[in-house]
Visitor: 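Can you keep this structure in mind? I'll have questions shortly.
We number each residue from 1, following the sequence as shown. Below, all heavy atoms of this structure are taken into account, side chains as well, without hydrogens, waters or symmetry copies. Because the structure is a prediction, the values reported are computed rather than measured.
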Amino acid sequence: MAVVTHRDRDDLYDEAFEDVHTFSGTPYPCTQDELDVSGGVNRQEPISTLTIFEALRRNGPIEEHLYPGLRDLWFDHRNLGPFISARTAAREVHDHNNLSRGPPGAERQAIDRLDVAIDDAYTHKWGPDLIIKAFCDLDTVFFRGRLRGHVCVAWKPDHLMGQSKYGVTGYLGHGKCTINLNAAEILRYQSSSKAFEKMWSTMLHEMCHAYAQVRVREHEWRDDERLHGKNFGTKIHAVARRADYLFGLFVDINQFGSDVPFPRYDSP
C-alpha cells in the first residue's frame with residue numbers, strides 16, 4: 001500500500017474515543033442508521049466498562065442471570081437466525097468473495113464508496129472513525145450484509161484489551177457480539193501509514209470471527225475460531241484475497257505467528 005497522509009499518532013489515538021457522527025470527522029457517505037446498527041450510542045457500554053471486559057475475557061457468552069437485560073440494552077432486537085453449521089457459513093463467505101463473481105448494484109456501490117475513501121486517505125486527512133463509518137459497506141462487500149444489527153464496533157484503550165494485540169471479538173450470546181479495536185496497538189505504536197493498513201486488516205480479521213458468532217450454531221464455532229482453524233482459514237483467505245484485489249489492502253492472515261489453514265473445498 002502506498003503511503004497515506006501522515007497523522008500524528010497521539011492525535012489518532014485521542015480521536016479514536018470521540019463520538020462518531022455522519023457530519024464530522026473523516027468524510028464518508030454513510031447514514032445515521034448505518035452508524036446505529038454498528039453500535040450507535042452503545043459504543044459506550046450500558047454497564048461498567050470493567051464489568052463488560054471481565055465478561056468478554058472469559059471468551060464465553062455473558063451470563064444473563066448476572067447481567068439481566070444487558071443484550072436488550074445493547075441491541076434493539078435478538079438475532080433469530082437461522083443458525084447454520086460452521087462449515088456452511090465458511091463456505092458462504094468463501095463463495096461470496098469469489099473473484100469471478102460479478103457484484104450486484106448495491107454491493108458495487110459499496111465497493112465504489114470504499115475505493116474512494118481509501119484513495120482519499122493518500123491526499124486528505126483521515127481518522128479512526130473511518131473504519132466504523134465504513135463497517136456496513138465492508139459487511140456488504142465481504143460478508144453478505146449479515147453482520148449489521150448484530151455487532152457493536154468500538155475502539156478501546158490498551159489496558160482494556162486483555163491478551164489481544166490488535167482486536168477482539170467478544171460473544172454476547174444469541175448471535176450477538178462486539179468487535180473492539182486496540183487503539184494503542186493500532187494507532188499509537190505504529191506509523192500512520194502502518195496504522196491505516198492495520199486498522200483495515202484487523203477489522204476484516206475480526207469480522208471473520210464475528211460472522212461465525214452471528215451465523216453459526218453456538219456449540220460449533222468456538223474451538224475452530226479460537227484456534228484459527230480451517231473454517232476461520234476459509235473465511236480469512238477468501239477475504240484477504242479479495243481485499244487485495246479490490247482495494248490493494250493487505251490483510252495479515254498469519255498475524256499470530258502460526259499458519260492459518262488454507263481453504264480446501266473439494267466437495268460440497
Side-chain angles (χ1 to χ4, degrees), residues 16-17 19-20 28 30 34-46 49 52-53 55-62 70-71 73-76 79 89 93 114 127-158 160-187 195-216 218 221-222 225-226 228 232 235-236 239-240 243 249 251-253 255-256:
F17 309 115
D19 291 340
V20 181
Y28 193 86
C30 63
E34 288 172 328
L35 290 180
D36 290 344
V37 298
S38 63
V41 296
N42 287 326
R43 283 183 239 288
Q44 306 299 320
E45 288 84 8
T49 298
I52 186 67
F53 275 89
L56 293 182
R57 282 196 194 106
R58 293 199 299 267
N59 200 28
I62 293 175
L70 171 61
R71 193 178 303 106
L73 287 171
W74 213 309
F75 297 99
D76 290 337
N79 182 356
V93 175
L114 288 165
D129 62 325
L130 174 59
I131 200 67
I132 294 175
K133 291 177 175 179
F135 178 81
C136 284
D137 279 345
L138 289 173
D139 182 25
T140 295
V141 173
F142 294 100
F143 300 97
R144 301 165 55 99
R146 294 189 183 276
L147 301 182
R148 67 195 63 201
H150 306 308
V151 182
C152 180
V153 183
W155 289 95
K156 297 297 175 186
D158 197 17
L160 292 178
M161 294 297 291
Q163 298 299 312
S164 170
K165 186 169 178 61
Y166 296 115
V168 62
T169 301
Y171 190 52
L172 295 174
H174 295 289
K176 301 285 188 177
C177 64
T178 62
I179 291 177
N180 294 307
L181 304 177
N182 190 329
E185 290 289 346
I186 295 175
L187 302 172
F196 187 80
E197 178 182 282
K198 186 60 71 176
M199 178 176 73
W200 296 95
S201 176
T202 303
M203 176 60 82
L204 288 170
H205 180 110
E206 298 305 329
M207 289 174 82
C208 285
H209 285 307
Y211 195 87
Q213 298 184 17
V214 164
R215 186 75 172 129
V216 177
E218 184 176 333
W221 59 257
R222 289 188 178 278
E225 293 295 317
R226 187 181 300 117
H228 297 94
F232 175 81
K235 291 176 289 185
I236 194 67
V239 166
L249 290 174
V251 178
D252 189 357
I253 292 172
Q255 66 174 308
F256 293 96

Visitor: Applying side chain to side chain contact (heavy atoms under 4.5 Å, CB included), run through L138 and I131 and close with a yes or a no.
Guide: CA-CA 9 Å; L138 289 173; I131 200 67; 4.1 Å; yes

Visitor: Less than 6.0 angstrom from the centroid, inside 45 degrees of the normal: does K198 satisfy that with respect to the ring of Y166?
Guide: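 Output yes; distance and angle both within limits.
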
Visitor: How close do E206 and G167 get, heavy atom to heavy atom, and via which atoms?
Guide: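 That would be OE2-O, 3.2 Å.
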
Visitor: Looking at T178 and C152, would you say the former's side chain and the latter's main chain have a donor-acceptor pair under 3.5 Å?
Guide: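 No, because the side chain of T178 does not come within donor-acceptor range (under 3.5 Å) of the backbone of C152.
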
Visitor: Would you call the rings of F143 and Y211 parallel, tilted or perpendicular, where under 30° means parallel and over 60° means perpendicular?
Guide: tilted

Visitor: For residues W221 and V216, report the shortest heavy-atom separation together with the two atoms involved.
Guide: CD1-O, 3.7 Å

Visitor: Can you check whether N180's main-chain N or O pairs, donor with acceptor, with K156's side chain at less than 3.5 Å?
Guide: no

Visitor: What's the separation between atom CG in L249 and atom CE in M199, rounded to the nearest 0.5 Å?
Guide: 9.5 Å

Visitor: Say you draw a straight line from CD of Q213 to CZ of R222; how long is it, rounded to the nearest 0.5 Å?
Guide: 7.5 Å

Visitor: Identify the two heavy atoms, one from N79 and one from K176, that lie closest to each other, and give their separation to 0.1 Å.
Guide: N-CE, 3.4 Å

Visitor: Shortest non-hydrogen contact from A210 to I179?
Guide: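 Closest pair (atom of A210, atom of I179, distance): CB-CD1, 4.0 Å.
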
Visitor: Using atom types as modelled and distance alone, determine if a side-chain donor or acceptor of D139 lies under 3.5 Å from a backbone N or O of R148.
Guide: yes

Visitor: Counting only N and O atoms by type, is there a donor-acceptor contact under 3.5 Å from the side chain of K165 to the main-chain atoms of I186?
Guide: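 A pair under 3.5 Å: no.
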
Visitor: Any side-chain heavy atom of M203 sitting closer than 4.5 Å to one from F135?
Guide: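 Yes. Closest side-chain heavy atoms under 4.5 Å.
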
Visitor: Can you name the closest pair of heavy atoms from V251 and S201 and give their distance?
Guide: CA-OG, 3.4 Å

Visitor: Measure the CD-CG distance between E34 and D137 for me, rounded to the nearest 0.5 Å.
Guide: 6.0 Å

Visitor: Over all heavy atoms of both residues, which pair between L204 and I236 is shortest? Give the atoms and the distance, please.
Guide: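 Heavy-atom minimum between the residues: O-CD1, 4.4 Å.
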
Visitor: Main chain of P128, side chain of W155: is a donor-acceptor contact present, judged purely on distance under 3.5 Å?
Guide: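 Yes, the answer is positive, given that a donor and an acceptor are paired below the 3.5 Å cut-off.
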
Visitor: Any side-chain to backbone donor/acceptor pair from S38 onto L35? Under 3.5 Å, distance only.
Guide: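 Yes, because the side chain of S38 sits within donor-acceptor range (under 3.5 Å) of the backbone of L35.
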
Visitor: So that I know where these two stand, are H205 and F232 an aromatic pair - ring centroids less than 6.0 Å apart?
Guide: yes

